[in-house]
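Report on the following structure.
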Amino acid sequence: MTAAPEIGNRPIMHGRGEENLTQLEFMAINSELNLADGHARQGLTPTQEKIINELPALFEESAERPVEELENEAHEAFFHSLGQHRYLSGSGRVLSCYASSVAMEILARTLATSIDAIALVHPTFDNIPDILRGCGLRLVRLDEEPLHSGDLDPEFLTSVGAVFVTTPNNPTGLVLSQENLARLAQQCAEHDVVLCLDTSFRGFDLRAQYDHYEVLTASGCRWVVIEDTGKLWPTLDLKAGFLVYSDNLGLPVDLIYSDILLGVSPMILTLIRSFAEDAATGGFADLHEFIARNRGIVRDGLTGVEGITCLGDDIRVSVERVRLHDGSASEVWTELRGKNVYVLPCRKFHWANPQEGDDSFRIALARPAEPLGRAVRMLRAALESRR
Ligand code: EGV
């Protein structure tokens with residue numbers, strides 16, 4: 001009998017014929033030149049380091065104070081840092097989860113109790129379609145172009161029970177403007193479609209830091225938003241996802257949440273409160289500058305290489321996409337992997353038609369500048385040697 005193939009010490013299920021993005025990210029986890037996953041792996045800033053130096057005090061506070069108070073403070077501080085002032089803290093409609101993927105699983109199960117089909121933005125990170133499909137939902141492709149250019153086709157909307165949009169999107173960085181969100185929410189209200197957003201990357205982009213809940217509530221639509229602290233701060237994956245929902249949702253989301261979780265650790269909530277307070281008082285400004293500088297390292301490092309394009313104008317999220325005009329992104333990925341440099345091929349982001357992602361890969365920018373620069377020089381050498 002042959003053993004199951006493995007990545008490190010994790011077996012991989014080849015049932016679907018190809019690894020998912022997270023399995024590809026896991027292959028990179030021990031490499032110093034890991035530009036694969038979108039988690040925050042840069043160094044702590046001086047003010048973040050101060051928080052970490054106070055961990056014993058945070059632990060003690062977390063052990064002593066009522067969970068409800070700590071949770072409300074964490075929600076309030078985090079939403080405030082995002083420009084989300086109608087934060088709903090204390091409303092009971094903010095559910096804390098160990099990760100946004102856990103929130104996603106709870107949302108998918110919740111939707112599956114009453115709807116069959118969901119429109120999903122294309123492309124987007126593949127664990128979103130995989131979780132939705134895993135809960136039995138039928139996916140309908142929603143391209144970014146119609147999404148950002150005006151009203152959706154009413155016939156399209158009547159064919160689904162929910163719409164799911166990642167904004168800013170991963171990997172494209174496109175942001176749903178306040179005007180377009182208002183329009184989409186209005187249409188969802190008219191057709192009684194549940195509007196679901198994943199805003200995990202909005203901490204990176206001021207253009208996504210308007211009051212989403214205000215806009216959604218004003219439309220009267222039924223809505224759910226997944227928020228996430230996981231991409232923003234280098235807290236070694238101590239993080240939370242928040243599942244926020246409208247008072248008219250009318251679905252058993254609380255019950256399904258309770259099937260999976262009692263709650264998250266108050267220690268993590270207290271840590272999030274502290275990092276969010278730091279973010280609101282200059283931390284996010286530092287983060288935006290840091291990511292912009294790292295984007296510069298990638299773009300400058302690849303300037304003049306023929307046959308490639310860095311994708312996206314004025315993109316602010318912590319990932320960059322590079323398109324290879326000859327479509328050889330997967331080959332370059334394999335070649336780099338041989339040198340222990342890891343990027344992420346984009347095929348699987350294009351969940352409805354992976355071929356459309358064949359020509360590009362994604363580079364994670366939430367990394368210390370030095371190894372990032374070194375990896376980009378190796379990437380440049382690999383690209384130039386192919387010509
Ligand atoms: C990104 C990893 C999960 C995900 C990374 C991600 N996969 N949770 N199954 O957190 O962009 O690299 O979203």
Side-chain angles (χ1 to χ4, degrees), residues 7-8 10-13 16 18-31 33-42 97-108 120-135 164-175 197-205 208 226-243 260-261 264 268 291 294-295 298 311-312 315-322 329 333 342-351 357 360-367 372 375:
I7 293 176
R10 278 189 209 173
I12 307 172
M13 304 310 290
R16 285 179 301 186
E18 202 175 320
E19 289 87 0
N20 66 32
L21 291 169
T22 304
Q23 289 175 315
L24 295 175
E25 292 178 347
F26 187 70
M27 297 172 77
I29 211 86
N30 295 316
S31 171
L33 304 177
N34 165 15
L35 307 182
D37 66 71
H39 292 209
R41 304 188 183 281
Q42 68 271 30
C97 307
Y98 272 108
S100 65
S101 300
V102 177
M104 189 64 219
E105 170 74 21
I106 293 166
L107 170 59
L120 174 65
V121 67
H122 191 272
T124 204
F125 197 79
D126 69 348
N127 82 329
I128 295 174
D130 287 347
I131 289 171
L132 292 168
R133 279 196 200 105
C135 291
F164 191 106
V165 176
T166 313
T167 171
N169 200 6
N170 176 13
T172 65
L174 285 190
V175 175
L197 304 179
D198 176 338
T199 59
S200 295
F201 280 83
R202 74 160 151 160
F204 293 104
D205 196 328
I226 293 173
E227 308 271 5
D228 187 16
T229 74
K231 303 298 187 291
L232 303 171
W233 307 314
T235 47
L236 301 177
D237 281 347
L238 295 167
K239 60 185 178 180
F242 300 115
L243 192 57
I260 295 177
L261 282 175
V264 307
I268 293 180
I291 295 297
N294 280 357
R295 193 180 305 284
V298 173
L311 294 174
I315 292 305
R316 316 260 173 97
V317 292
S318 60
V319 294
E320 175 83 349
R321 273 181 317 148
V322 177
W333 176 80
Y342 290 87
V343 295
L344 193 63
C346 285
R347 270 179 68 78
K348 289 268 160 164
F349 285 98
H350 297 256
W351 54 266
S360 53
F361 52 75
R362 194 190 75 168
I363 296 177
L365 300 175
R367 297 293 189 272
L372 175 68

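Indexing begins at 1, ligand by ligand and atom by atom, following the structure's order.
- Close contacts of ligand 1 with N170, meaning ligand atoms under 4.0 Å from a residue heavy atom, involve 1 (C), 11 (O), 13 (O).
- Of the protein's non-hydrogen atoms, T22 OG1, 2.8 Å is the one closest to atom 7 (N) of ligand 1.
- Looking at W351, its side chain never comes within 3.5 Å of a backbone N or O of N127 through a donor-acceptor pair.
- Counting heavy atoms closer than 4.0 Å to ligand 1, residue M104 contributes nothing at all.
- Rounding to the nearest 0.5 Å places CZ of R367 at 9.0 Å from CG of L372.
- Among protein heavy atoms, the minimum distance from atom 13 (O) of ligand 1 is reached at K231 CE, 3.4 Å.
- When atom types are taken as modelled, the side chain of W233 and the backbone of A40 share no donor-acceptor pair closer than 3.5 angstrom.
- When the heavy-atom distances from atom 1 (C) of ligand 1 to F125, F349, F201 are ranked, the shortest goes to F125.
- The single protein non-hydrogen atom nearest to atom 12 (O) of ligand 1 is E25 OE2, 2.5 Å, given as residue, atom name and distance.
- Atoms of ligand 1 lying under 4.0 Å from any heavy atom of D37, numbered from 1 in the order shown and given with element: 12 (O).
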* Could you go through the side chain to side chain contact (heavy atoms under 4.5 Å, CB included) check for T167 and T199 one step at a time? => CA-CA 5 Å; T167 171; T199 59; 4.3 Å; yes
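- Between G38 and ligand 1, at least one N/O pair is under 3.5 Å apart.
- Ionic pairing of K348 and E19 is not present here: no N-O contact between side-chain nitrogen and carboxylate oxygen is shorter than 4.0 angstrom.
- Atoms CG and CE, on N34 and M27 in that order, are 11.5 Å from each other to the nearest 0.5 Å.
- Closest to atom 10 (O) of ligand 1, if we only count protein heavy atoms, is H39 NE2, 2.9 Å.
- Closest to atom 8 (N) of ligand 1, if we only count protein heavy atoms, is S101 OG, 3.1 Å.
- Remark: the backbone N or O of A36 is paired with a side-chain donor or acceptor of R362 at under 3.5 angstrom.
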